Amino acid sequence: METTSDIPVSFAPAAESNMNAQHFAPIYEKPKPVTKADRIQTVDMVRGFALLGILMMNIPIFGIDRSVYKIVLEGSKANADYTTMAVVYTFFDGTMRGLFSMLFGAGMVLFTLGKKESLTGGPTVAEYYYRRLLWLVAFGLVNAYVFLWEGDILFYYGLCGMLLFPFRAAKPKWLILIGLVLLSIGTFKQLSWWGETRETRATYKEAIAAEKAKKPLTEKQQEAKAQWEQMEKSQKPDPERTARNISKMQGGYGTVFGHLKSHNANNETWGMYHGLYDMIGMMFIGMGLFYLGFFSNKLSTGTYSLTLLIGYGVGIPVGWIFFSKGFADTNFTAYIDQWRVPHWALYDIRRLLLSIGHASVLMLIYRSKVVPWLMKALSNVGQMAFTNYLMQSLLMTFFFFGYGLGYYNSLRFHQLYYVVGSVWIFQLIFSSIWLRYFRFGPFEWLWRSLTYWRAQPMRIAQK
């Protein structure tokens with residue numbers, strides 16, 4: 001998760017060695033983070049919105065067993081749980097991570113924009129950049145294996161970000177095109193898996209028909225039969241698994257750690273292989289949009305209005321189709337028999353459009369000056385996004401897991417969002433107060449100090 005727009009170096013004309021010297025040479029200055037005056041408030045504002053919004057998507061993983069989803073989706077549609085799930089997954093699913101990824105790409109541009117490739121007597125910009133990302137990977141491991149958040153994204157972002165640097169000077173149109181191609185590759189992989197699964201299903205049905213006709217099964221039919229039965233079993237409720245998971249998550253720190261350790265390791269391996277195109281595609285698009293001025297409030301009001309209309313006008317209907325026809329259908333066997341192409345194919349289209357729509361709304365509200373205090377508060381949250389992200393892990397694991405207050409699987413689905421609202425209020429207030437006295441959030445300070453290998457000044461000089 002990119003949370004800064006650091007400026008590591010600057011160049012200034014050297015003092016002349018004598019009156020006849022007529023040359024200028026680069027002077028190596030101590031690298032330093034960007035000053036508050038140099039920050040782009042709208043970038044922080046969108047980042048703050050995404051940071052708060054991502055908790056909406058993360059809290060079910062923190063707070064409930066996955067079996068709750070099936071209970072809600074197969075129950076009455078006229079209740080608060082189903083309505084909450086429909087709203088969250090129609091309007092926001094994937095979009096907050098989409099904004100994060102875009103802003104990570106924008107942050108990469110900000111970090112390297114206008115900097116020389118090498119300096120006399122000091123590290124290169126590339127060295128600072130990659131050092132920074134390696135520390136981000138380390139923070140991700142801490143978030144997963146110490147704070148015990150199984151949905152960590154810092155690990156992935158640190159690795160994916162390493163692929164961006166060679167493209168930092170590319171033209172916006174090429175960056176956006178690369179991003180769209182990468183998203184398309186991710187979609188193609190999903191469709192390929194779907195095609196293979198449908199083929200397995202068809203061979204399974206052939207095997208069942210052959211068994212009924214008392215014919216011997218081919219090796220392919222035997223494999224398909226075993227594979228499909230295992231897949232079908234994994235889709236059905238497993239009361240033993242559910243009870244075991246709830247018991248472990250309500251245990252002590254050591255119990256939760258042991259329960260999540262292999263799961264986190266699998267997530268990081270699986271996530272990098274399958275999620276690479278998802279994350280890095282949006283990062284490239286974010287780089288391109290930043291160069292075009294989209295996140296820095298440089299486009300016209302008409303342009304933001306148009307991107308809002310397109311983003312929401314297409315994204316919301318697609319989001320509802322995705323939820324109601326795809327996500328909400330819990331009968332996997334009937335679904336795969338019915339649809340040659342899954343609704344999951346709409347995922348990246350929907351989240352890209354809605355992510356741009358969300359950002360456009362924020363830009364228009366910012367320009368209208370209707371609620372400047374809220375825009376400033378969101379900017380403060382975004383300026384401390386790294387701290388606030390890790391804080392969410394600490395607060396939620398303490399609230400839900402057994403070594404804290406132990407509320408895991410104790411709240412109904414819609415009640416989880418009372419907790420979300422409480423955390424939002426706390427982080428909006430906390431960030432605003434903290435930044436009155438300090439230059440950075442505590443984790444931002446630690447990250448910068450490790451990147452530049454020197455303790456950064458923390459307190460703001462009081463007048």
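Treat the numbers as computed from the prediction; the structure is a model and nothing was measured.
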request  = Determine which pairs satisfy side chain to side chain donor-acceptor pair (under 3.5 Å) with at least one residue from residues 294-305, sequence neighbours left out, and list them in order.
outcome  = Asn297-Arg367, Ser300-Thr303, Thr301-Arg367
inquiry  = Could you tell me if Arg168 sits above the aromatic ring of Phe165, with its cationic atom closer than 6.0 Å to the ring centre and no more than 45 degrees from the axis?
reply    = yes
task = Just jot down the ring-ring contact (aromatic ring centres under 6.0 Å, His included) partners of His414, sequence neighbours excluded, or say none.
result = Tyr418
query = How are the rings of Phe327 and Tyr69 set to each other: parallel, tilted or perpendicular (split at 30° and 60°)?
reply = perpendicular
ask   = Would a distance-only check, ignoring hydrogens and angles, find a side-chain to backbone donor-acceptor pair under 3.5 Å from Ser247 to Arg244?
value = no
message = Hydrogens and angles aside, do Asn409 and Asp65 bring a side-chain donor and acceptor to less than 3.5 Å of each other?
response = no
query = Is the His358 ring parallel, tilted or perpendicular to the Tyr312 ring (thresholds 30°, 60°)?
reply = perpendicular
ask   = Which of these, Phe139, Trp135, Trp445, Phe104, sits in a ring-ring contact (aromatic ring centres under 6.0 Å, His included) with Phe386?
value = Phe139
ask   = Any luck finding a side-chain donor-acceptor pair between Thr387 and Glu444 under 3.5 Å?
value = yes
request  = Report the relative orientation of the aromatic rings in Phe62 and Trp149; use parallel for angles under 30°, tilted for 30 to 60°, perpendicular for over 60°.
outcome  = parallel
ask   = Parallel, tilted or perpendicular: which describes the rings of Phe401 and Tyr403, with under 30° parallel and over 60° perpendicular?
value = perpendicular
ask   = Within the distance-only criterion (no hydrogens, no angle test), does the side chain of Asn267 pair as donor or acceptor with the backbone N or O of Glu150 below 3.5 angstrom?
value = yes
task = Report yes if the distance between the aromatic ring centroids of Phe295 and Phe290 is under 6.0 Å, otherwise no.
result = no
